[in-house]
Number of protein chains: 2
Amino acid sequence: MYLGYKGALLSSNGDPRIRMATLPAKPDMKDRILETADRLFYLQGIRAVGVDTIAAEIGISKRTLYNHFPSKDALISAYLARRFVAPRPSDKSPVEQILGTFDSLERRFSAKDFRGCPFVNAVAELGEDRSVRKIAVAFKESRRLWFRDLLAQLGIAEAEALATQLALLVDGSIAQDLVRNDPAMARAAKEAATVLLKNAGVKVGAADRQKKRTAKKRRPRSAS
Amino acid sequence: MYLGYKGALLSSNGDPRIRMATLPAKPDMKDRILETADRLFYLQGIRAVGVDTIAAEIGISKRTLYNHFPSKDALISAYLARRFVAPRPSDKSPVEQILGTFDSLERRFSAKDFRGCPFVNAVAELGEDRSVRKIAVAFKESRRLWFRDLLAQLGIAEAEALATQLALLVDGSIAQDLVRNDPAMARAAKEAATVLLKNAGVKVGAADRQKKRTAKKRRPRSAS
DNA sequence: GCCTAGGTACACAGGTCTGTGTACCTATTT
DNA sequence: AAATAGGTACACAGACCTGTGTACCTAGGC
């Protein structure tokens with residue numbers, strides 16, 4: 001027997017007036033669908049997850065899903081749009097923000113539900129789909145520009161080129177971690193980023209270099 | 001009417017003795033299947049390509065395909081195994097080999113049939129598939145070790161760490177090019193790699209830095 | 001001349017996928 | 001009280017997928 005969401009369960013279960021007044025105050029069905037689709041798409045792959053699966057996971061009927069999204073493609077687009085979050089402004093120094101990026105990455109790599117960059121994965125999976133490519137490019141460029149502006153604040157002449165290189169390190173560590181499942185890739189990227197920054201004339205303080213709580217079996221003298 | 005491959009066409013087309021002696025010397029059906037699967041899997045994605053499509057592309061029946069590979073999974077494994085090519089030994093200096101990697105990448109990026117790293121793509125698409133992950137890790141590690149050994153030849157102390165960083169740049173540029181379709185990502189990676197090498201005490205000659213045929217709108221003084 | 005290996009053609013089982021149609025049920029608004 | 005909005009249950013169309021069954025045909029080796 002299919003029960004669906006709680007409201008249905010209760011109301012099909014005796015006196016309908018028993019149901020709690022706030023129950024059908026479901027927190028926006030559309031959001032629930034999107035959130036579930038996000039999780040499944042990201043963890044298992046877009047093609048690997050059918051709309052049936054998404055609906056079943058929430059406990060709604062497929063019909064309801066299609067009442068909120070006209071097609072799976074629309075759901076995919078919404079999924080990627082939802083993943084496009086701009087970095088929030090910070091009080092920290094530009095250098096701290098730049099290097100902190102790699103600390104964040106390391107934390108995310110350590111989470112067991114990290115599965116690479118959703119945009120890169122989507123492009124890899126969906127190939128030449130125009131809209132997917134478009135949003136993926138926009139995302140990559142937004143992060144590059146974020147780096148560039150921070151570097152510009154530091155007065156770096158080659159901010160453009162260096163921002164691109166930092167973006168390479170970010171995506172490289174993500175790809176490597178996706179395959180290897182090794183959060184140390186983020187540390188390696190941070191060390192490389194530090195060298196690049198220093199080479200561009202940025203003063204990198206020791207506090208920026210050593211932020212980690214647990215340094216596991218690292219050679220202490222490894223320069224950067 | 002279905003004709004299939006040339007041998008069938010000719011022999012069903014009048015006197016059977018007309019057929020050229022070497023025609024059914026088909027260059028190993030298995031290889032043809034694998035080569036076609038490779039092309040389609042790589043360009044369109046593994047899940048996106050059915051065995052029907054592969055068979056139709058060659059002009060053979062699906063039955064023939066299944067006589068050579070017991071399942072699609074086996075075909076996928078063979079595809080990835082085929083992509084696992086170790087870098088061939090070279091006479092060039094270690095530095096030239098390392099930096100030449102990025103020149104090769106730029107050339108590959110410029111080809112219109114480049115679609116990222118097949119191993120990363122397969123992991124992104126197939127998720128937690130054990131055998132896929134295994135071969136992908138092996139491939140990534142083999143390249144990292146190749147870098148490491150070249151660096152060791154140069155007497156670099158931190159060969160391990162630096163090799164990892166170079167690998168990050170390689171995969172970063174691949175991911176970025178997959179999304180952006182911009183071969184310049186390889187140049188950016190090469191410039192970053194040059195900085196890292198110099199920082200490790202490697203002497204990088206001008207010949208290593210300037211190998212490109214056409215330098216398009218580059219600031220001439222951009223350090224590396 | 002016969003046998004075998006490896007093709008071909010074609011049907012089909014059984015599953016999954018996206019997307020729709022339809023009838024009903026319930027809560028809120030008017 | 002009636003209408004509306006947004007659920008549910010369920011069937012189904014139509015496509016596509018992997019994989020199998022079967023009967024045939026042909027070239028080459030014995």
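Because only heavy atoms are used, hydrogens play no part in the values below, and waters and symmetry mates are left out as well, while side chains stay in. Chain A is the first sequence line, chain B the second, and so forth, proteins listed ahead of strands; every chain is numbered from 1.
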*Would you indicate which nucleotide in dT8(C), dT18(C), dG7(C) comes nearest to any side-chain atom of S61(B)?*
dT8(C)
*Whole angstrom is fine here: how far is it from OH in Y66(B) over to P in dG6(C)?*
20 Å
*Nearest whole angstrom, please: distance from the P of dT18(C) to the CZ of R47(A).*
10 Å
_On the six-membered ring of F102(B), is R187(B) placed so that its NZ or CZ lies under 6.0 angstrom from the centre and within 45° of the ring axis?_
no
*Below 3.5 Å, does any donor atom in the side chain of R63(A) face an acceptor in the base of dG21(C), or the other way round?*
yes
*Indicate the ring-plane relationship of F84(B) and F139(B), choosing parallel, tilted or perpendicular according to the 30° and 60° boundaries.*
perpendicular
*Assess K30(B) against F69(B): is NZ or CZ under 6.0 Å from the centre of the six-membered ring, and within 45 degrees of the ring's axis?*
yes
_Separation of atom CG in N67(B) from atom C1' in dT22(D), rounded to whole Å_ = 13 Å
*Any N or O donor-acceptor pair linking the side chain of K72(B) to the base of dG19(D) at under 3.5 Å?*
no
*At under 4.0 Å, does any side-chain N or O of H68(A) touch on OP1 or OP2 of dG6(D)?*
no
_Between K62(B) and V51(A), which residue's closest nucleotide on DNA chain C lies nearer the 5′ terminus?_
K62(B)
*asked:* Rounded to whole Å, how long is the line connecting atom CD1 of I46(A) with atom C1' of dT18(C)?
replied: 16 Å
*asked:* I want to verify a distance call: between dT8(C), dT20(C), dT8(D), whose nearest atom is closest to the I60(B) side chain?
replied: dT8(C)
*Please give, in whole Å, the distance from dT18(D) P to F69(B) CZ?*
15 Å
*Interatomic distance, K30(B) NZ vs dA5(C) P [rounded to whole Å]*: 17 Å
*How many Å lie between CG on L65(B) and P on dT18(D), as a whole number?*
10 Å
*Touch check for D52(B), heavy atoms < 4.0 angstrom, all strands: base, sugar-phosphate only, or nothing?*
base
*Would the number of heavy atoms belonging to other residues, nucleotides or ligands and lying under 6.0 Å from CZ of R108(A) be above 12?*
no
*Which of parallel (below 30°), tilted (30 to 60°) and perpendicular (above 60°) describes F109(B) and F114(B)?*
tilted
_Between dG6(C) (P) and R32(B) (CZ): distance, integer Å_ = 15 Å
*Taking for each residue the nucleotide of DNA chain D bearing the nearest heavy atom, is the 5' side occupied by T64(A) or by P70(B)?*
T64(A)
